[in-house]
Visitor: 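The structure under discussion is supplied below as structure tokens; questions concerning it will follow.
Excluded from the calculations below are hydrogen atoms, water molecules and symmetry mates; all remaining heavy atoms, backbone and side chain alike, are included. First the proteins, then the strands, lettered A, B, ... as listed; each starts at 1.
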Amino acid sequence: MEPGGLRNGDRPGLPPGPGPGRQPSRTGGVLVLLAPAARFQSGRDVRKEGGRRGGRGFAACDMNPPLVEIADLGRHAGETVTLRGWLCGRRFGGGIAFLHLRDGTGVCQCVVEAAAAEAFAAAAALTLESALSVTGAARADDRAPGGYELTVRDLALIHAAPPYPIARKEHGVDFLMSHRHLWLRSRRPVAVLRVRDTLVRACRAFFEARGFTLVDTPILVPGAGEDASTLFPVEYFDRRLFLAQTGQLYLESACMALGKVYAFGPTFRAEKSKTRRHLTEFWMIEPEVAFAELDDVIELAEDLVCCVVERVLREREPELRVLGRDPERLRAVRKPFPRLTYSEAAERLRSPGLLKTLEDEFQRDRSRLAAWMAELEELERRLRGLSRPAARERIERQIAERREEIAELEQDLSNRPGHIASAQSFAWGSDLGGSDETILSRQFDRPVFVTHYPVRAKAFYMKQCAEDPRLVLNMDLLAPEGYGEIVGGSQREDNLDVLLRRMTEKGLRPEDYDWYLDLRRYGSVPHGGFGLGIERTLTWLCGLRHVRETIPFPRTRGRVYP
RNA sequence: UCCGCGGUAGCUCAAUGGUAGAGCGGGUGGCUGUUAACCACUAGGUUGCAGGUUCGAGCCCUGCCCGCGGAGCCA
């Protein structure tokens, strides 16, 4: 079990109370609504239904209340309107019911009083996530979450749900992921998906504004690639193909035709990684530009990230707050981003100054852990002295939260000495490890570029540095706060002979790439591009712990359901 | 592939080798302004699977399955 559970924390729950069939005498009206014919009718045309059944007033002047989305409710204060949606929370007093209706645009508290006898009986029988339409007077009310509420006159059940599995309390990751198809309805996943939408739109708008052409690259590709062990094999009639892990080689071809191109699509990695940063299926935005050198590629990535951050801040601040993300952290993301060469990064990792910083930090965190443990003991002691369930529950919640934080910090601390040692003994020539990236990126308040990696750590298509042939003209962009690499790119090798040599060194067969080599035969020009990982970027923007929350249906090594 | 942690009620978790429990959720009753409502009552279990040690195993041992996150690798 992962330390601690994911807090659902956003699902207005179903308090203990009446359910279907509970009070036959009171739910008589509802049973009628549940009959197939009635259900069909209300589903067919809710507006007519609401107006007709309402009788009073509307029948006389032959008007149906307008169908309104919850987000627009404020513009209809004082009017009688109809809302449709799903029941996402309910509280029930003896003679009053509070229904929280969710329609995808917002949540509205609908108040049903005993005076509206039929609607009140219907409300008594509602289960969480049932679909319904309600008609009544909209009005502003400070007591309502969202500021507006509806006094219900008519309530029509569109579909009655059986007891809903996702409760308002916290659930474990495994449970929530197994119910991802329903979990998506909760506030938190909705917020993440909205930021994702904005992120993708921002990227598209960015490239469109700069004259890029969208080019789709194939998903089924012949073996080749870089390392076949990281590709998913696919049976393709009588041969073996693979799911693409990048569209880059094809984009290089397209950029020689169109100048500036980009691809946005899924990509697949068969690495057996099981970490919070890995998915086997994820999405990438990949631009590729002709007549571009490394500096141009870096500047493009910098502009893109700034543009995306700016738009997310402009359009999705409420969602960031739902996720507990402090928008101020993102406001620091401005040009220029710091730039380090790989060699400077290596030096930095080995420096005595960094060692001291890391060790101090380690000591501080150990003290913090000790303090938390003491706090936990104190809470547990207090709990033993309490008998009233309500008071106990509050303490128990605090205990659970503390335990979660302690477990996470303990794990972090147990990794820390290894990370520090690995940074200190970092050997020039190898790629930066995840912990090295974390250590580096924590030193800045905005993303940082690391450039000019050793040739042997990088792919064959990256252009070798003219001044120092041990290096390639590449760049990685590390997100701050320890989120790690979100962009990887390079200037591409445009010299046919060098490219052939690099391929041979990497054990690749040039004949498999003949079409790619043609690009260096017919009008080869300096060019380059990069790939930006949508999910990792989103994880950083939203301040999440795990990439799997950023994609509707994550594919990880351990999970392909739902 | 390796290392570590875990699997107990629908969910989240307790339980020195000695009678399997709580909160939430479900059910029943009460309450006309609730905000994760509250109060009372109630049902709910082959402790992941298979062996073993023991008078006695949720707990100890062995093997397996599943999940989690860390390493390697990567965006």
Visitor: Within this structure, what is the CZ-to-P distance between A/F282 and B/rC73, rounded to whole angstrom?
Guide: 17 Å
Visitor: Looking at every strand, decide which applies to A/V547 at a 4.0 Å heavy-atom threshold: base, sugar-phosphate, or nothing.
Guide: nothing
Visitor: What's the closest nucleotide to the A/R277 side chain, out of B/rG70, B/rG33, B/rC73?
Guide: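 The closest nucleotide is B/rC73.
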Visitor: Under a 3.5 Å cutoff, is there a donor and acceptor pairing between the side chains of A/T275 and A/H278?
Guide: yes
Visitor: Of the candidate nucleotides B/rC11, B/rC73, B/rG69, which contains the atom at the shortest distance from the side chain of A/R548?
Guide: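 Side chain of A/R548 sits closest to B/rG69.
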Visitor: Could you please name the option among B/rG69, B/rA75, B/rU34 that lies closest to any side-chain atom of A/M284?
Guide: B/rA75
Visitor: Rounded to whole angstroms, how far apart are CD on A/Q109 and P on B/rU35?
Guide: 10 Å
Visitor: Using a cut-off of strictly less than 4.0 Å, decide whether A/H100 has a side-chain nitrogen or oxygen near OP1 or OP2 of B/rU34.
Guide: no
Visitor: Which base, if any, makes a Watson-Crick or G-U wobble pair with B/rC74, both distances under 3.5 Å?
Guide: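 In the structure as shown, B/rC74 has no Watson-Crick or wobble partner.
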Visitor: Quick one: which of B/rC11, B/rC73, B/rU34 gets closest to the side chain of A/H171?
Guide: B/rC11
Visitor: What integer distance in Å separates A/D476:CG from B/rC74:P?
Guide: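 These atoms are roughly 10 Å apart.
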Visitor: Given B/rC11, B/rC73, B/rG33, which nucleotide is nearest the side-chain atoms of A/I96?
Guide: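 Side chain of A/I96 sits closest to B/rG33.
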Visitor: Select base, sugar-phosphate, or nothing to describe what A/H179 touches, counting heavy atoms under 4.0 Å on all strands.
Guide: nothing
Visitor: Distance check needed: B/rC73 P versus A/R269 CZ, whole Å only.
Guide: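 It works out to 15 Å between those atoms.
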Visitor: With respect to the side chain of A/L279, which nucleotide from B/rA75, B/rG33, B/rC74 is positioned closest?
Guide: B/rA75
Visitor: State the pairing partner of B/rC41; accept Watson-Crick or G-U wobble contacts with both distances under 3.5 Å, and report none otherwise.
Guide: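 The base-pairing partner of B/rC41, which may sit in any strand shown, is B/rG27.
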